[in-house]
Peer 1: 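Starting off with a structure, shown below.
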Amino acid sequence: MSSLATDLLVGASTDFLRNFSPFNRMEAEALAFLAEHAVLAFHPRGADILTPEMGVPRHFYIVQRGKVQARQTGAAVVTEYASLSLGPGECFPIGAISARRPSTNAYTAAEDSFCYQISADEFLQLMQMSPVFHLFCTQYIASLLTQSRQQLQTTFAQRAAEQQTMTTPLGQLVKKAPVFVTPETSTRSALEQMDLQRLGCMVVVDDERHPVGVLTQSDLLPRVILAGFDLSRPIGELMTANPHQLAATASAYDAALEMATHGVRHLLVVDTENRLKGVVSERDLFALQRISLRQIRAGIENAADIAALQRASRDIRQLALNLIAQGIGAEQLTQFISALNDALTRRIIGLALEEHDLVGIDFGWIAFGSEGRHEQTLSTDQDNGIIWRSPERQDGEPIRRRLIEFAKTVNHNLAACGFPLCKGNIMASNPELCLTPAEWKSRFGAWIREPDPQALLNASIFFDFRVLYGNEQLGDQLRSWLNKTVKGNSAFLRMMAVNALQVMPPLGRIRDFVLEDDGCIDLKKSGARLFVDVARILALRTGVDSSSTVQRLRQASVKMGVSAEEVAAIIDGFHFIQLLRLRAQHLETEHDAPGDNRIDPDTLNELDRRILKEAFRQARKLQLRLKLDYQL
């Protein structure tokens, strides 16, 4: 073909593309590149242009004339449409070609059609060349993220509605297998079981497990103690016969009405054959109605003992489920959890101060790690310390000993409220972590001067700190000193960068993900940590005071001239991984359970898999920037 003919074709392609977004906004050089490489291909009506069976797409298509029908394949619904017509100027398959995976849609020519096509490599080259085109593709991925959140919201809303309303069937409120005795059982034996298992009532059943009576704690004083009842006699002589009972299908409302009408605090729940299924108490019903942010805060602030705070800790986990159901994003969700856990910790400290007289001692309780970053999930052990100031010309060691004894009480009570003791002893009761400002500076300074592997590990934990209770200025002054000291130490920052690049995103060249031996991915170690580590380095380098990963990324990116769109995509990736962690923890585990943070990608729906892969790509992009900055 002559150069004149080629120029004419390129000119025609350019003129066509200029009629459609985003090509009409694309940079001149990028548009010329696209027009020069685009090849026009004909697809007769009914022909398959691209299907999942064809594997990873080799081309990116732009409809020039005709109509292309896109339809989802497989059982999983991954977009908000099941079938969609694409006309002139529309393009496909952005998600599949960006992620280098087979398309989840099948594209068929609905009528005789012409499509421009460029190769997958040229598509990626165009994304690098054109910020406009890059943003267009990124926003497409972001729209998938929104759809995923909506799916998640629907799932959790249904679950929350089932668990949180007074329409909940009683069968779902029964959490424990029923404990019961027969009428012939001696009263002493029945009471011993009540005491051993801390039961509010003992149910009496016949040979077919039909309830025939009940004995409650409130019966003991008038019927047993004051009446001098012989405990060797059978409980059948003492019990209240014909106990109140409801079917497992009855609602919590029904139970509340039954309790209010008859003045009872326990109801027996029976199955369709009237056999005992369990017991529902007044407290179970009360719990359904009292879980709100305001009520939990009030419960914490008014708590008079650790038992009340233990209940509040359980309510915080339940509230997190509600917030997910309301569509709250991971950033706000982790902030809510951190804020409530802060309030809980402050109240625990307040109660401990009633036992330990620290009047006149200037100190601050420090949170490290995820708590220090305001990023606590539902599975977090303790990472804390104390910073305190010794009065001039006074021996500080007695003060340190008093603070350590106080810290032991706080650490113990935090553990009782669901925050396990730190296996690495990163706790304020450790004398090594109850230090004056000068001692903290000395400790931090030693790690910065001699950044061996242990020092770098320490920095990754201890440099994410904030004062949670007490004198915040002590923490602010330490932060200012740390930023000033590290900012000018490029060798230390480079070592931190090397350390941060030790773990790569689990993205495979052949399969989507690189899995560990058990077929899972650790979303903390191989996901969230990648973002956290880089954000810490960028913050130290640019002097950002915040300890939050997202705030560090946002504030550092401004100082470094990174575009808002680019950092927004990175933060979206971080939030999605955090959301998956929260979902797995809340549904399946308790605090610090072995399965925390691990996820089998095969259990995700196709949409979540795609977004998770995009999130890991964002982590890789962040690491690549670090690699280039430090020439690693």
Peer 1: Taking Q618 for the side chain and F574 for the main chain, is one N or O donor matched with an acceptor at less than 3.5 Å?
Peer 2: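 Judged by distance alone, no pair lies under 3.5 Å.
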
Peer 1: Is the side chain of T345 donor-acceptor paired with the backbone N or O of N341 at a distance under 3.5 Å, no angle test?
Peer 2: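 Such a contact is found between T345 side chain and N341 backbone.
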
Peer 1: How close do C422 and M427 get, heavy atom to heavy atom, and via which atoms?
Peer 2: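 Closest approach of C422 to M427: N-SD, 3.5 Å.
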
Peer 1: Are Q245 and V269 packed together at the side-chain level, in the sense that at least one heavy-atom pair is separated by less than 4.5 angstrom?
Peer 2: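 They are not in contact (no side-chain heavy atoms under 4.5 Å apart), so the answer is no.
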
Peer 1: Using side chain to side chain contact (heavy atoms under 4.5 Å, CB included), reason through R275 and V270 one step at a time and then give a plain yes or no.
Peer 2: CA-CA 5 Å; R275 289 179 302 201; V270 295; over 6 Å; no

Peer 1: Given the rule in the side chain to side chain donor-acceptor pair (under 3.5 Å) test, do T409 and H356 qualify, once you have shown the distances and angles that lead to the verdict?
Peer 2: CA-CA 9 Å; T409 301; H356 300 266; 2.7 Å; yes

Peer 1: Is the shortest side-chain heavy-atom distance between S313 and Q310 below 4.5 Å?
Peer 2: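 In short, these two side chains do not touch, never coming nearer than 4.5 Å.
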
Peer 1: Side-chain donor-acceptor pairs under 3.5 Å in residues 205-216, sequence neighbours left out?
Peer 2:
{"residue": "D206", "atom": "OD1", "partner": "E208", "partner atom": "N", "Å": "2.9"}
{"residue": "D206", "atom": "OD1", "partner": "R209", "partner atom": "N", "Å": "3.1"}
{"residue": "D206", "atom": "OD1", "partner": "H210", "partner atom": "N", "Å": "2.9"}
{"residue": "R209", "atom": "NE", "partner": "L276", "partner atom": "O", "Å": "3.3"}
{"residue": "R209", "atom": "NH2", "partner": "L276", "partner atom": "O", "Å": "2.8"}
{"residue": "H210", "atom": "NE2", "partner": "E273", "partner atom": "O", "Å": "3.2"}
{"residue": "T216", "atom": "OG1", "partner": "S218", "partner atom": "OG", "Å": "2.9"}
{"residue": "T216", "atom": "OG1", "partner": "D219", "partner atom": "OD2", "Å": "3.2"}

Peer 1: With the threshold set at 4.0 Å, does a side-chain nitrogen-carboxylate oxygen contact exist between R311 and D305?
Peer 2: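 Salt bridge: no.
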
Peer 1: Measure across L231 and L191 and return the closest heavy-atom pair with its distance rounded to 0.1 Å.
Peer 2: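 Taking L231 first and L191 second, the nearest heavy atoms are CD2-CD1, 3.9 Å.
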
Peer 1: Quick one: does any side-chain atom of R609 pair with a main-chain N or O of P601 as donor and acceptor, under 3.5 Å?
Peer 2: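 The answer is yes, because a donor-acceptor pair under 3.5 Å joins these two groups.
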
Peer 1: Check whether any side-chain heavy atom of V280 lies under 4.5 Å from a side-chain heavy atom of H266, and answer yes or no.
Peer 2: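 Not in contact.
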
Peer 1: Could you grab the distance from atom CG of L309 to atom CG of L414, nearest 0.5 Å is fine?
Peer 2: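 The CG atom of L414 is 9.5 Å from CG of L309, to the nearest 0.5 Å.
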
Peer 1: Determine whether S547 and R552 satisfy the following criterion, side chain to side chain contact (heavy atoms under 4.5 Å, CB included), listing intermediate values before the conclusion.
Peer 2: CA-CA 7 Å; S547 58; R552 282 171 165 175; 4.2 Å; yes

Peer 1: Whether the side chain of Q217 engages the backbone of L199 through a donor-acceptor N/O pair (distance < 3.5 Å, no angle test) should be reported.
Peer 2: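 Present.
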
Peer 1: Quick one: are E375 and S548 in side-chain contact, heavy atoms under 4.5 Å?
Peer 2: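 The answer is yes, as the side chains (C-beta and beyond) meet within the 4.5 Å cut-off.
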
Peer 1: Parallel, tilted or perpendicular, judged at 30° and 60°: which one describes the rings of F406 and F363?
Peer 2: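 Taking F363 first and then F406, their aromatic rings stand perpendicular (interplane angle over 60°).
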
Peer 1: When you check the side-chain N and O atoms of E371 and S338, is any donor under 3.5 Å from an acceptor?
Peer 2: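 No pair is found: no donor N or O on one side chain lies under 3.5 Å from an acceptor on the other.
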
Peer 1: Let me confirm one number: the CG-CZ distance from D600 to F513, rounded to the nearest 0.5 Å.
Peer 2: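 So the gap between those two atoms works out to 10.5 Å.
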
Peer 1: Might you confirm whether atom CG of N242 has over 12 heavy atoms from other residues, nucleotides or ligands at distances under 6.0 Å?
Peer 2: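 No, CG of N242 has 12 or fewer neighbouring heavy atoms, counting only those of other groups under 6.0 Å.
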
Peer 1: Give, for atom CG of L403 and atom CG of L435, the distance between the pair rounded to the nearest 0.5 Å.
Peer 2: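 Separation between the atoms: 11.0 Å.
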
Peer 1: Between R536 and D533, does any NZ, NE, NH1 or NH2 come within less than 4.0 Å of an OD or OE carboxylate oxygen?
Peer 2: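 Salt bridge flag = yes for R536 with D533.
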
Peer 1: Heavy-atom distance under 4.5 Å between the side chains of L267 and V279, does that happen here?
Peer 2: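 Side chain of L267 against side chain of V279, heavy atoms only: no contact under 4.5 Å found.
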
Peer 1: Between CD1 of I611 and CG of L580, what distance do you get to the nearest 0.5 Å?
Peer 2: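 Between atom CD1 of I611 and atom CG of L580 there are 9.0 Å.
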
Peer 1: Considering only NZ, NE, NH1 and NH2 on the basic side and carboxylate oxygens on the acidic side, decide whether R598 and E516 come within less than 4.0 Å.
Peer 2: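 Salt bridge flag = yes for E516 with R598.
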
Peer 1: Would W365 and V467 satisfy side chain to side chain contact (heavy atoms under 4.5 Å, CB included), going step by step from the backbone distance to the final call?
Peer 2: CA-CA 6 Å; W365 182 275; V467 170; 5.9 Å; no

Peer 1: If we ignore hydrogens and angles and just use 3.5 Å, is the side chain of R400 paired with the main-chain N or O of C434 as donor and acceptor?
Peer 2: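 Indeed, once roles are kept as given, a pair shorter than 3.5 Å links the two residues.
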
Peer 1: Is the shortest side-chain N to carboxylate O distance from R373 to D383 below 4.0 Å?
Peer 2: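 No, this pair does not count.
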
Peer 1: Against N384, only a single residue in I426, I366, N411 fulfils side chain to side chain contact (heavy atoms under 4.5 Å, CB included); can you say which?
Peer 2: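 That would be N411; it is the only one of I426, I366, N411 passing the side chain to side chain contact (heavy atoms under 4.5 Å, CB included) with N384.
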
Peer 1: Show the nearest heavy-atom pair for residues G418 and P420, with the distance to one decimal.
Peer 2: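 Looks like O-CD, 3.3 Å.
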
Peer 1: Okay, side chain of R581, backbone of A528: is any donor-acceptor separation there less than 3.5 Å?
Peer 2: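 No, R581 side chain to A528 backbone: no donor-acceptor pair under 3.5 Å.
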
Peer 1: Could you tell me whether the side chain of F531 reaches within less than 4.5 Å of the side chain of I577, counting heavy atoms only?
Peer 2: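 They are in contact (side-chain heavy atoms under 4.5 Å apart), so the answer is yes.
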
Peer 1: Donor-acceptor pair, distance only, cut-off 3.5 Å: does the side chain of R233 make one with the backbone of T187?
Peer 2: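 No, the answer is negative, given that no donor and acceptor are paired below the 3.5 Å cut-off.
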
Peer 1: Working to the nearest 0.5 angstrom, can you tell me the gap between D271 CG and T249 OG1?
Peer 2: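 It is 10.5 Å, given to the nearest 0.5 Å.
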
Peer 1: What pair of heavy atoms forms the shortest contact from V410 to A352, and how long is it?
Peer 2: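 Residues V410 and A352, closest heavy atoms: CG2-CB, 3.6 Å.
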
Peer 1: When you compare the side chain of Q193 with that of M202, does any pair of heavy atoms fall below 4.5 Å?
Peer 2: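 When only atoms from C-beta onward are counted, Q193 and M202 do touch, with a gap below 4.5 Å.
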
Peer 1: Under 3.5 Å, is there a donor on one side chain and an acceptor on the other for T240 and R223?
Peer 2: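 Their side chains do contain a donor-acceptor pair, which is all the 3.5 Å distance test asks for.
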
Peer 1: Got a sec, which residues hit ring-ring contact (aromatic ring centres under 6.0 Å, His included) with F368, two or more places apart in sequence or on another chain?
Peer 2: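 With sequence neighbours excluded, F368 shows a ring-ring contact (aromatic ring centres under 6.0 Å, His included) to W440, F462, given in chain and number order.
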
Peer 1: Ion pair present between K408 and E405, side-chain N to carboxylate O less than 4.0 angstrom?
Peer 2: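 E405 and K408: salt-bridged.
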
Peer 1: One pair to check against side chain to side chain contact (heavy atoms under 4.5 Å, CB included): I521 and F616. What are the steps and the verdict?
Peer 2: CA-CA 12 Å; I521 295 172; F616 286 142; 4.1 Å; yes

Peer 1: For E472, does the CD atom sit with more than 12 other heavy atoms under 6.0 Å from it, leaving out its own atoms?
Peer 2: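 No, CD of E472 has 12 or fewer neighbouring heavy atoms, counting only those of other groups under 6.0 Å.
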
Peer 1: Answer whether the closest heavy-atom distance between the side chains of L579 and H575 falls below 4.5 Å.
Peer 2: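 Side-chain contact under 4.5 Å: no.
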
Peer 1: Nearest heavy-atom pair of V204 and P183: which atoms, and what distance?
Peer 2: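 The answer is CG1-N, 3.4 Å.
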
Peer 1: Between S526 and L523 (side chain of the first, backbone of the second, donor and acceptor by atom type, cut-off under 3.5 Å), is there such a pair?
Peer 2: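 The answer is no, because no donor-acceptor pair under 3.5 Å joins these two groups.
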
Peer 1: Can you name the nearest heavy-atom pair linking L170 to A247, along with the distance?
Peer 2: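 Of all heavy-atom pairs spanning L170 and A247, the closest is CD1-O, 4.0 Å.
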
Peer 1: With a 3.5 Å distance limit and no angle check, can you tell me whether D464 reaches the backbone of G372 through a side-chain donor-acceptor pair?
Peer 2: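 Not a single qualifying donor-acceptor pair exists.
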
Peer 1: To the nearest 0.5 Å, what is the distance between SG on C417 and CG on L344?
Peer 2: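 One gets 5.0 Å once the value is rounded to the nearest 0.5 Å.
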
Peer 1: As a quick check of understanding, evaluate side chain to side chain donor-acceptor pair (under 3.5 Å) for S186 and S189, giving each step before the final call.
Peer 2: CA-CA 5 Å; S186 74; S189 175; 4.5 Å; no

